[in-house]
Novice: 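Next up is a structure, given as C-alpha cells.
A note on names: the letters A, B, ... follow the listed sequences, proteins ahead of strands, and every chain is numbered from 1.
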Number of protein chains: 2
Amino acid sequence: MAFKKVSRIKIPDATIRRLSLYDRCLEGFLKSGKKVVSSSDIARKCGTNPAQIRKDFAYFGEFGVRGVGYYVENLQGDIKRALGIDRSWNCALVGAGNLGFALLGTDSLAKRGFKISAIFERDPILVEMGSFQGIPLYPMEEMVRVIPELGIQIGIIAVSPDSAIKVALKLTDAGVRGILNFTPTTIKVPPGIILKNVDFAIDLEGIAFQLNNE
Amino acid sequence: MAFKKVSRIKIPDATIRRLSLYDRCLEGFLKSGKKVVSSSDIARKCGTNPAQIRKDFAYFGEFGVRGVGYYVENLQGDIKRALGIDRSWNCALVGAGNLGFALLGTDSLAKRGFKISAIFERDPILVEMGSFQGIPLYPMEEMVRVIPELGIQIGIIAVSPDSAIKVALKLTDAGVRGILNFTPTTIKVPPGIILKNVDFAIDLEGIAFQLNNE
DNA sequence: ACGTGTGAAGCATTTCACAGCG
DNA sequence: CGCTGTGAAATGCTTCACACGT
C-alpha cells in the first residue's frame, strides 16, 4: 500500500503548499545524487520540521520505508501524483502586458507541467501579431470558442484590476475550472470553480508590519 | 482608546493578510461615497465573515462605534497604521529581467507606499543604461555601499533561481531588514530578518490538486 | 434597537512521543 | 537500531453568542 487515493478527509491547504516545496527540494537531492533521504534531511533543506513532513505524507499513504527513509525518486513520483502534477495542465493567459510577458518569459511554469496554450488580449494591435513565442494570440471575444476547443482548464488573469471581474466571468462562462488571479481584486466564482489569488503587495505589507513591530 | 500599540500578543499571519484586503475594500467604499460601513458590509465585499473582521480589528484596538459601524475614512487610517503602511518604505529591486520590469511597470507597489529606489543587475550592458524609469541602476557589487546610503529597508529578489541565495546573503550583509523572494528557492535568513516568498507555481499546483479531486 | 467588542466554544493544524516494522 | 507512521496532546485560529455602549 504505497498510494492511497485521496480520501474524503479534508487536507489542509498548508499541506498542499508544503508538498510543492518538498517536491522542489527533492529536485536538489536528485541532482546531488542522493538516493535515500530522511524526513529530517528534507526538513533541514526546506525549513520545516520532520514530524510535519511525515504527517503531510500520511494524508496520501505510506511513502517511506521504516528504519530507512524515503527513496528520492519514488517519493517524488508519489508527491507529484498526490498533487496532480504527474501530467500536464492546459492554461490560458489573459492579458499580454508586462506581467503576462514576465510569466511567459520564465520556464518555471512549463517545467512544472503548466502549459500556456493561448493568450487573450484586449489591444487589437498586439492581437494583430497573431502569436507570441509560438503561443496563439486571440481577442477577448474568442474566449468562449477557443477555451473549449483547446481543452483549457485553467485561466491566468494578468489584466488591469478594473477588468479582472469581467474576465473571470468570461473565463468561467467559457468552461475554465480554475483561475489564478494576479490582480488585487476580490473575485467571486461559482461553486466548483477553484480560485487562487497572487498578490505580492500583501506580502510586502506583511513584511512592513513585522518590521514595524521589531 | 482607538488605537492600541501593538501588543506582545502574537497576531496571526492570516489576520495581517486580511487587513490588507480590508484596506483595499475600503478604497472601493470611499470611491462610492459611503461614509459608514458595518462589518457585514466589508464581509460581503471581500468574502470573509463579520465576526472574523471584528476579531481582526480587535487585535489593534477599537476601530468602530457600537450600534453604528465604522467610519470609512478613520478605519482606513487605523488599518494602515496597524499594518505600518501609513508611511513610505524604501525598497531595492534585484534583477532587471522580465519579472523585475513587470514589477516596475505596475503602480500597485508605489500606490501602497513601497518605493523602489534602486535596481541592482548583474548584466553590465543593462547597468550601462544608468537608470530605468528614473530609478538608478547599479551593479551587484555596489549593494553594500548603496543600500545603507539610500536607507533601503526591503529587498526584492527577482533574479534567476540559482543566484537567489547569494543575493539574499548580499542583501542582509548590506543591512536590509526584509526580503521578498520571487524565486522558487528556499532561502535562509538570520533571525530578525523577515523573509516572504512569492511563488505562483505553488498556487497553480494548489489549483491542480483541487481540480484533480473533484 | 443596532452593530461592535469579546470571552468561551468549536474546529483545524502542528507537535509530541512512541509503537511498528524493516 | 533507526526512521517511519500515527494516535493523542498541545497549540492556534475561527465562529458563536451575547454583553455593552451609543
Novice: Using a 6.0 Å distance limit plus a 45 degree cone around the ring axis, check whether B:Lys35 lies over the aromatic ring of B:Tyr71.
Specialist: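 That pair does not qualify as a cation-pi contact.
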
Novice: Grab the CZ-P distance between B:Phe60 and C:dG5 for me, whole Å please.
Specialist: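 Distance check: B:Phe60 CZ to C:dG5 P gives 14 Å.
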
Novice: Using heavy-atom distances to pick each residue's nearest nucleotide on DNA chain C, tell me which of A:Asp13 and B:Phe57 is more 5'.
Specialist: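 Nearest nucleotide further toward 5': that of B:Phe57.
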
Novice: From CG of B:Asp78 over to P of C:dG5, roughly how many Å is that when rounded to an integer?
Specialist: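 Computing the B:Asp78:CG to C:dG5:P distance gives 10 Å.
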
Novice: Spell out protein contact along nucleotides 15-22 of chain D as letters: B when the base is contacted, S when just the sugar-phosphate is, - when no protein heavy atom is under 4.0 Å; keep the 5' to 3' order.
Specialist: BBB--BBS

Novice: May I have the distance from A:Glu62 (atom CD) to C:dG22 (atom C1'), rounded to whole angstrom?
Specialist: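 So the two atoms are 12 Å apart, to the nearest Å.
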
Novice: Could you pull out all residues at least two apart from B:Gln153 that satisfy side-chain contact (heavy atoms from CB on, under 4.5 Å)?
Specialist: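 B:Gln153: side-chain contact (heavy atoms from CB on, under 4.5 Å) contacts with B:Arg87, B:Trp89, B:Asn90.
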
Novice: Hey, does B:Ser40 reach any base, or is it just sugar-phosphate, or nothing, if we go heavy atoms under 4.0 Å?
Specialist: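 Answer is nothing: B:Ser40 stays at 4.0 Å or more from every strand.
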
Novice: Could you tell me whether the phosphate oxygens of D:dC3, OP1 or OP2, come under 4.0 Å of any side-chain nitrogen or oxygen in A:Ser39?
Specialist: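 So the side-chain polar atoms of A:Ser39 never come under 4.0 Å of the phosphate oxygens OP1 or OP2 of D:dC3.
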
Novice: Establish, with yes or no, whether the OP1 or OP2 oxygen of D:dC13 is under 4.0 angstrom from a side-chain nitrogen or oxygen of B:Lys10.
Specialist: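 Indeed, a polar side-chain atom of B:Lys10 lies that close.
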
Novice: Rounded off to whole Å, could you give me the CG-to-C1' distance for the B:Asp56 and D:dT14 pair?
Specialist: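 In whole Å, D:dT14 C1' and B:Asp56 CG are 10 Å from each other.
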
Novice: Would you kindly give the CZ-to-P distance between A:Phe63 and C:dC21, to the nearest whole Å?
Specialist: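 Interatomic distance, CZ of A:Phe63 to P of C:dC21: 19 Å.
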
Novice: Carefully, step by step, assess B:Ile79 and B:Phe60 under the rule side chain to side chain contact (heavy atoms under 4.5 Å, CB included).
Specialist: CA-CA 9 Å; B:Ile79 292 179; B:Phe60 296 94; over 6 Å; no

Novice: Distance check needed: D:dT4 P versus A:Tyr59 OH, whole Å only.
Specialist: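 Result: 18 Å.
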
Novice: In whole Å, what is the span from the OH atom of B:Tyr71 to the P atom of C:dG3?
Specialist: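 Answer to the nearest Å: 13 Å.
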
Novice: Which part of the nucleic acid, if any, lies within reach of A:Tyr70 when heavy atoms closer than 4.0 Å are counted: base, sugar-phosphate only, or nothing?
Specialist: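 Answer is sugar-phosphate: A:Tyr70 comes under 4.0 Å of backbone atoms only.
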
Novice: I'd like to check the side-chain contact (heavy atoms from CB on, under 4.5 Å) partners of B:Asn197; sequence neighbours left out, ordered by chain and number.
Specialist: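 Here the qualifying residues are B:Asn181, B:Leu195.
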
Novice: In chain order, what residues pass the side-chain contact (heavy atoms from CB on, under 4.5 Å) check against A:Asn49, with sequence neighbours excluded?
Specialist: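 Partners of A:Asn49 by the side-chain contact (heavy atoms from CB on, under 4.5 Å) criterion, ordered by chain and then number, come out as A:Ala51, A:Gln52.
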
Novice: Return the set of residues passing ring pair (Phe, Tyr, Trp, His ring centres under 6.0 Å) with A:Phe57 (not counting sequence neighbours), or none when no residue passes.
Specialist: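 Residues passing ring pair (Phe, Tyr, Trp, His ring centres under 6.0 Å) with A:Phe57: A:Tyr22, A:Phe63, A:Tyr70.
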
Novice: Please tabulate, for side-chain N and O atoms in residues 167-179 of chain A, each donor-acceptor pair with protein atoms closer than 3.5 Å (sequence neighbours left out).
Specialist:
residue, atom, partner, partner atom, Å
A:Thr172, OG1, A:Ala168, O, 3.1
A:Thr172, OG1, A:Leu169, O, 2.9
A:Arg177, NH2, B:Leu211, O, 3.4

Novice: Can you tell me how far P of D:dT6 sits from CD1 of A:Ile53, to the nearest Å?
Specialist: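 Roughly 16 Å, once rounded to whole Å.
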
